[in-house]
J.: 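Could you have a look at this structure, given as C-alpha cells, before my questions?
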Amino acid sequence: MPTNPLRDPRDRRLPRVPEPCALVVFGITGDLSRKKLLPAVYDLANRGLLPTNFALLGFARRDWGDVEFSELARSAAREHARTPWREEVWERLANSVRFVQGSFDDDDAFDELASNLAELEGSHGIGGNAAFYLSIPPALFPTVLKQMQRTGMAESSMDRWRRVVVEKPFGTDLASSRELNELVDSVFTADDVFRIDHYLGKETVQNLLALRFANSMFEPIWNGHHVDSVQITMAEDVGIGGRAGFYEKTGAARDVLQNHLLQLLALTAMEEPVEFSAEEIRTEKLKVLRAVSVPADDDMVQFAIRGQYEQGWLAGQRAFGYRQEEGVATDSTTETYAAVRLGVETRRWAGVPFYLRTGKRLPRRVTEIALVFKRAPHLPFAPTDTEELGHNQLVIRVQPDEGMTLKFGSKVPGSVMEVRDVAMDFLYGEQFTEASPEAYERLLLDVLLGDATLFPRNAEVEASWAVIDPLEAYWASTEPHPYRAGEWGPRAADAMLEADGRQWRRP
C-alpha cells in the first residue's frame, strides 16, 4: 500500500501539535503572564498548534472566579497578541479556562487545583498531562514545589506526563543555583524540568545554528585564525520600570550576563553537534561554558567594568538616574551596566577575546552578535586609498531588526582606487512572508511537546554561575562607574577595548 507523504515523520509540512494537556500558570496575574504567556497561548491556538483537548488553569491570590479570570485573559491576549484577533478562537479557549484562588501556602487551594486537574481529565479529555509554569519569584519555588509534591500533581507515570517550567534567574550564585536545582529535581525528574531562557526562543538565535552548520562559506573562517574578536551586546533604552525590588537584589550581571549573553556566547563558540538534538546541542554548549576564562585578579579592574546610569537625556526626554528611581536606595551600588572581556580556551578560539556588554538607559534597544575579522595581511593600496576601511564584520541581529549584516570593503565609483566599507543586509521581515513567532510561543509549544532543545540544563546553569561568581566577588568591593542616560555606557568600558587596540561597534 502506498504511504501518504504527509504522514512521513520527516515531512516538516505537518505542524507539531502536542497531545491533549493542560497548562497551569502560577502567578497568572503578573506582568509576564499578561504580556507574554496569555498572548502566546492565544497565538498558538490561532495558528492551530494547540490540541483540541486543551485547558488553561490560573493560580493566584486574587479573589476571582472563572468568569473574571477569563475576562482578564481575553483582554491581555487581545492587547498583546501577535496574530490577528479572531473571536471564535478565543471562545474555544475560554470554554477551557479555569481559575483557582489561594496563597501558595494554602493547602486547601492546592487540593482544589489538583481536583480541578483530575476533573478536566474527564470533562476535557486532557489525559492527565499537565505543564506547570512557575511565573513567580524564585523565593516562592520551595513552597509551591512542596505543595505539588504533597498533592501528587508532580508525578508522571506511564500514561501521563507532568512538566515544570522555571523562569530565570536560576539562583543568585553557584551555591544557590545548585540548591534550587536539587529542590526542583527532587520533585520532578530531570527530563521534566524546563529552565526557560526566552532569548533561546528567538528565531535569529536559532538561525545562528543554521547559519553556521547549514552553509559551507562561514565555518572555514569561524575561528581564531580569521576572527579578531567577538562582541555580544544587549542594550536597552528603558530603565528598571517598577522592578526596583527585583533589580536591587539582582543587577545587570545576574539578570542578563549570567543567562542571555553567556548562552549567546555558547551558541557562537560551540562546535558542530553530531546531530540536531537537545542532548547533542547541550553537550557542545556545555563544553564552551566550561572553557570560558575570566580576567585574572590583577586584570579585573581593566577588563570587568560595571556602571550605573545617572540623569540624562534619551530620545529627547529627560531620564532619571538609577538612584532617583522609585524603590531604589539613594546610595545603591547596584549595576545597571556590565561589560567584561572573556576568553574561550579551546583550539578554535584560543587568543580571541569575547567582549560582552549589557546595560539600561542606553541610546537604543538592540541585541546583536558581531564577529570582527582580522585585517587583510597585506593591502596593495596606498594608505590614503583605504582611510575609511575598517575590519570586515559579520553581525547577527537578534532584535529588534532581526537579520544579518555583512560589512566589507568595496571600491568607490570614480577614476581613483578608493576603498570604503559597505554593508550587505538580510532582513527576516523582508525575506520571509511568515512573521516570526514570539519566543514564548516557540518555547511554550516545545514544553508541551517535551522538546528540550532550547532549554538549558543544570550543568549549563552551574557552568554559567562559575563564570559570574568571580566577577561578582570582585565587584562587591567596588563602586559602579557612572554614565549618563543616553550614552553607550561608562568611559571605563571604552578604555577596556582601547587597551587592546579595539573599539566597541556602534549598533
J.: Could you pull out all residues at least two apart from Glu368 that satisfy salt bridge (charged side-chain N to carboxylate O under 4.0 Å, His left out)?
T.: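 Arg505.
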
J.: Taking it one step at a time, do Leu289 and Val467 satisfy side chain to side chain contact (heavy atoms under 4.5 Å, CB included)?
T.: CA-CA 8 Å; Leu289 292 172; Val467 174; 5.8 Å; no

J.: If the condition is ring pair (Phe, Tyr, Trp, His ring centres under 6.0 Å), which residues does Phe455 pass it with, not counting sequence neighbours?
T.: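 Expected list: Phe194.
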
J.: Go through it in stages, so that I can follow the logic: the residues are Leu471 and Tyr474, the test is side chain to side chain contact (heavy atoms under 4.5 Å, CB included), and I'd like the CA-CA distance, side-chain angles, deciding distance and then a yes or no.
T.: CA-CA 5 Å; Leu471 300 173; Tyr474 164 69; 5.9 Å; no

J.: For a 4.5 angstrom cut-off between non-hydrogen side-chain atoms, does Pro456 reach Leu200?
T.: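 They are in side-chain contact.
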
J.: Can you measure from OG1 (Thr367) to CG (Leu261) and round to the nearest 0.5 angstrom?
T.: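 It comes to 8.0 Å.
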
J.: Does the side chain of Val294 come within less than 4.5 Å of Leu342's, by heavy atoms?
T.: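 Sidechains of Val294 and Leu342: in contact.
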
J.: Charged N to carboxylate O under 4.0 angstrom, Arg341 versus Asp500?
T.: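 Asp500 and Arg341: salt-bridged.
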
J.: For a quick test of your reading: what N or O donor-acceptor pairs under 3.5 Å do the side chains of residues 205-213 make, sequence neighbours left out?
T.:
unit_1: Gln206; atom_1: OE1; unit_2: Arg442; atom_2: NH1; d: 2.3
unit_1: Gln206; atom_1: NE2; unit_2: Gly201; atom_2: O; d: 3.0
unit_1: Gln206; atom_1: NE2; unit_2: Lys202; atom_2: O; d: 3.4
unit_1: Arg212; atom_1: NH1; unit_2: Leu267; atom_2: O; d: 3.3
unit_1: Arg212; atom_1: NH1; unit_2: Thr268; atom_2: O; d: 2.9
unit_1: Arg212; atom_1: NH1; unit_2: Met270; atom_2: O; d: 2.7
unit_1: Arg212; atom_1: NH2; unit_2: Glu219; atom_2: OE2; d: 3.4
unit_1: Arg212; atom_1: NH2; unit_2: Met270; atom_2: O; d: 2.8

J.: Is it the case that over 12 heavy atoms from other parts of the model lie below 6.0 angstrom from the NZ atom of Lys374?
T.: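 Yes.
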
J.: I'd like to know if the side chain of Glu167 reaches the main chain of Ser135, judged simply by a donor and an acceptor atom lying under 3.5 Å from each other, with no hydrogens or angles considered.
T.: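 Side chain of Glu167 to backbone of Ser135: no pair is present.
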
J.: Measure the acute angle between the ring planes of Tyr322 and Tyr309, then classify it against the limits of 30° and 60° as parallel, tilted or perpendicular.
T.: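 Perpendicular: the ring planes of Tyr322 and Tyr309 meet at over 60°.
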
J.: Once rounded to the nearest 0.5 Å, what's the spacing between atom CD of Gln231 and atom CG of Leu497?
T.: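 Nearest 0.5 Å value for the CD-CG distance: 5.5 Å.
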
J.: Can you tell if the side chain of Asp228 reaches within under 4.5 Å of the side chain of Arg502, non-hydrogen atoms only?
T.: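 Yes, their side chains come closer than 4.5 Å.
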
J.: Side chains of Arg74 and Trp85, heavy atoms from C-beta outward: is any pair under 4.5 Å?
T.: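 Touching, per the 4.5 Å side-chain cut-off.
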
J.: Is there a donor-acceptor contact under 3.5 Å from the side chain of Lys36 to the main chain of Asp31?
T.: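 No; judged by distance alone, with no hydrogens or angles, the pair does not exist.
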
J.: Checking Tyr247 now: which residues fulfil ring pair (Phe, Tyr, Trp, His ring centres under 6.0 Å) with it, not counting sequence neighbours?
T.: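 Tyr247: no ring pair (Phe, Tyr, Trp, His ring centres under 6.0 Å) contacts found.
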
J.: To the nearest 0.5 angstrom, please state how far the CZ atom of Arg163 sits from the CZ atom of Phe132.
T.: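 Taking CZ in Arg163 and CZ in Phe132, the distance rounds to 11.5 Å.
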
J.: Would you say Arg254 and Thr172 are linked by a side-chain donor-acceptor pair, where the criterion is simply a distance under 3.5 Å?
T.: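 There is no such pair between these side chains.
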
J.: Taking Ser177 for the side chain and Glu462 for the main chain, is one N or O donor matched with an acceptor at less than 3.5 Å?
T.: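 No; judged by distance alone, with no hydrogens or angles, the pair does not exist.
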
J.: Tell me if a side-chain donor or acceptor on Glu335 pairs with a main-chain N or O of Ala253 at a distance below 3.5 Å.
T.: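 It does hold such a pair.
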
J.: Indicate the atoms forming the closest heavy-atom contact of Val366 with Pro507, along with that distance.
T.: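 The pair with the smallest heavy-atom distance is CG1-CB, 3.7 Å.
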
J.: Check whether Trp504 reaches the backbone of Ala493 with its side chain - one donor and one acceptor, N or O, closer than 3.5 Å.
T.: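 Indeed, once roles are kept as given, a pair shorter than 3.5 Å links the two residues.
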
J.: Would you list the pairs meeting side-chain hydrogen bond (donor to acceptor under 3.5 Å, both in side chains) in which at least one residue belongs to residues 484-496, sequence neighbours left out?
T.: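 Of all non-adjacent pairs touching residues 484-496, those that pass side-chain hydrogen bond (donor to acceptor under 3.5 Å, both in side chains) are Arg491-Glu498.
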
J.: Which residues pass the side-chain hydrogen bond (donor to acceptor under 3.5 Å, both in side chains) test with Thr83, not counting sequence neighbours?
T.: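 Only Asp43, Asn46 meet the side-chain hydrogen bond (donor to acceptor under 3.5 Å, both in side chains) criterion with Thr83.
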
J.: Got Thr333 and Pro480 here, is their nearest side-chain heavy-atom distance under 4.5 Å?
T.: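 Yes - at least one pair of side-chain heavy atoms lies under 4.5 Å apart.
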
J.: I'd like to know if the side chain of Gln308 and the backbone of Thr334 have a donor-acceptor N/O pair within less than 3.5 Å.
T.: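 Side chain of Gln308 to backbone of Thr334, a donor-acceptor pair under 3.5 Å: yes, one is there.
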
J.: Quick one: do the Arg195 and Asn458 side chains pair a donor with an acceptor below 3.5 Å?
T.: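 Yes - a donor-acceptor pair under 3.5 Å links their side chains.
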
J.: Return the CG to CD distance between Leu454 and Gln263, rounded to the nearest 0.5 Å.
T.: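 One gets 10.0 Å once the value is rounded to the nearest 0.5 Å.
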
J.: Considering residues at least two apart in sequence or located in another chain, which fulfil the salt bridge (charged side-chain N to carboxylate O under 4.0 Å, His left out) criterion with Asp105?
T.: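 Salt bridge (charged side-chain N to carboxylate O under 4.0 Å, His left out) check on Asp105 returns nothing, list empty.
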
J.: Would you check if the side chain of Arg348 reaches a backbone N or O of Trp222 as a donor-acceptor pair within less than 3.5 Å?
T.: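 Side chain of Arg348 to backbone of Trp222, a donor-acceptor pair under 3.5 Å: yes, one is there.
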
J.: Residues two or more places apart in sequence or in another chain: which of them pass ring pair (Phe, Tyr, Trp, His ring centres under 6.0 Å) with Phe59?
T.: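 Once residues adjacent in sequence are excluded, the partners of Phe59 under the ring pair (Phe, Tyr, Trp, His ring centres under 6.0 Å) criterion are Phe26, Phe104, Phe110.
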
J.: Sequence neighbours excluded, which residues qualify as salt bridge (charged side-chain N to carboxylate O under 4.0 Å, His left out) partners of Glu79?
T.: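 Once residues adjacent in sequence are excluded, Glu79 has no partner under the salt bridge (charged side-chain N to carboxylate O under 4.0 Å, His left out) criterion.
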
J.: Show, in sequence, the C-alpha distance, side-chain angles and deciding distance for Val24 and Met153, and conclude whether the side chain to side chain contact (heavy atoms under 4.5 Å, CB included) test is met.
T.: CA-CA 11 Å; Val24 182; Met153 284 191 290; over 6 Å; no

J.: Can you name the side-chain hydrogen bond (donor to acceptor under 3.5 Å, both in side chains) partners of Asp191, sequence neighbours left out?
T.: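 Residues passing side-chain hydrogen bond (donor to acceptor under 3.5 Å, both in side chains) with Asp191: Arg457.
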
J.: Say whether, by atom type as modelled, one donor and one acceptor occur between the side chain of Asp451 and the main chain of Thr453 under 3.5 angstrom.
T.: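 Checked: pair present.
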
J.: With a 4.5 Å limit on heavy-atom distance, are the side chains of Val187 and Val164 in contact?
T.: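 No, their side chains stay 4.5 Å or more apart.
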
J.: To the closest 0.5 Å, what do you measure between CG (Leu371) and CD1 (Ile232)?
T.: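 That separation rounds to 8.5 Å.
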
J.: Just by modelled atom types, is the Thr478 backbone N or O under 3.5 Å from a matching donor or acceptor in the Arg306 side chain?
T.: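 Yes; judged by distance alone, with no hydrogens or angles, the pair exists.
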
J.: With Gln302, which residues qualify under side chain to side chain contact (heavy atoms under 4.5 Å, CB included), at least two apart?
T.: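 Gln302 satisfies side chain to side chain contact (heavy atoms under 4.5 Å, CB included) with Ala499 only.
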
J.: Heavy-atom count check: over 12 atoms from other residues, nucleotides or ligands less than 6.0 Å from Lys407 NZ?
T.: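 It does: Lys407 NZ has more than 12 such atoms within range.
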
J.: What's the verdict on side chain to side chain contact (heavy atoms under 4.5 Å, CB included) for Phe373 and Leu394, showing C-alpha distance, side-chain angles and the deciding distance?
T.: CA-CA 8 Å; Phe373 292 91; Leu394 177 62; 3.9 Å; yes

J.: Measuring only between side-chain heavy atoms, which start at C-beta, is Val328 closer than 4.5 Å to Glu248?
T.: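 The answer is yes, as the side chains (C-beta and beyond) meet within the 4.5 Å cut-off.
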
J.: Using modelled atom types only, decide if a donor and an acceptor are shared between the side chain of Arg323 and the backbone of Ser332 within a distance under 3.5 Å.
T.: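 Present.
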
J.: May I ask you to test the Leu445-Pro18 pair for a side-chain heavy-atom distance under 4.5 Å?
T.: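 Of all side-chain heavy-atom pairs linking Pro18 with Leu445, at least one is under 4.5 Å.
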
J.: Please round to the nearest 0.5 Å and tell me the distance separating atom OG of Ser176 and atom CG of Leu183.
T.: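 Rounded to the nearest 0.5 Å, the OG-CG separation comes to 12.0 Å.
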
J.: Is it true that, when you exclude Phe426 itself, more than 12 heavy atoms of the residues, nucleotides or ligands shown sit nearer than 6.0 Å to its CZ?
T.: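 It does: Phe426 CZ has more than 12 such atoms within range.
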
J.: Side chains of Ser33 and Tyr133 only: does a donor on one sit below 3.5 Å from an acceptor on the other?
T.: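 No, no side-chain donor-acceptor pair sits under 3.5 Å.
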
J.: Hey, are Arg82 and Glu441 close enough for a salt bridge, meaning a charged N less than 4.0 Å from a carboxylate O?
T.: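 Here Arg82 pairs with Glu441 in a salt bridge, since their nearest N and O are under 4.0 Å apart.
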
J.: His391: which residues meet the ring pair (Phe, Tyr, Trp, His ring centres under 6.0 Å) condition with it, sequence neighbours left out?
T.: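 Here no residue qualifies.
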
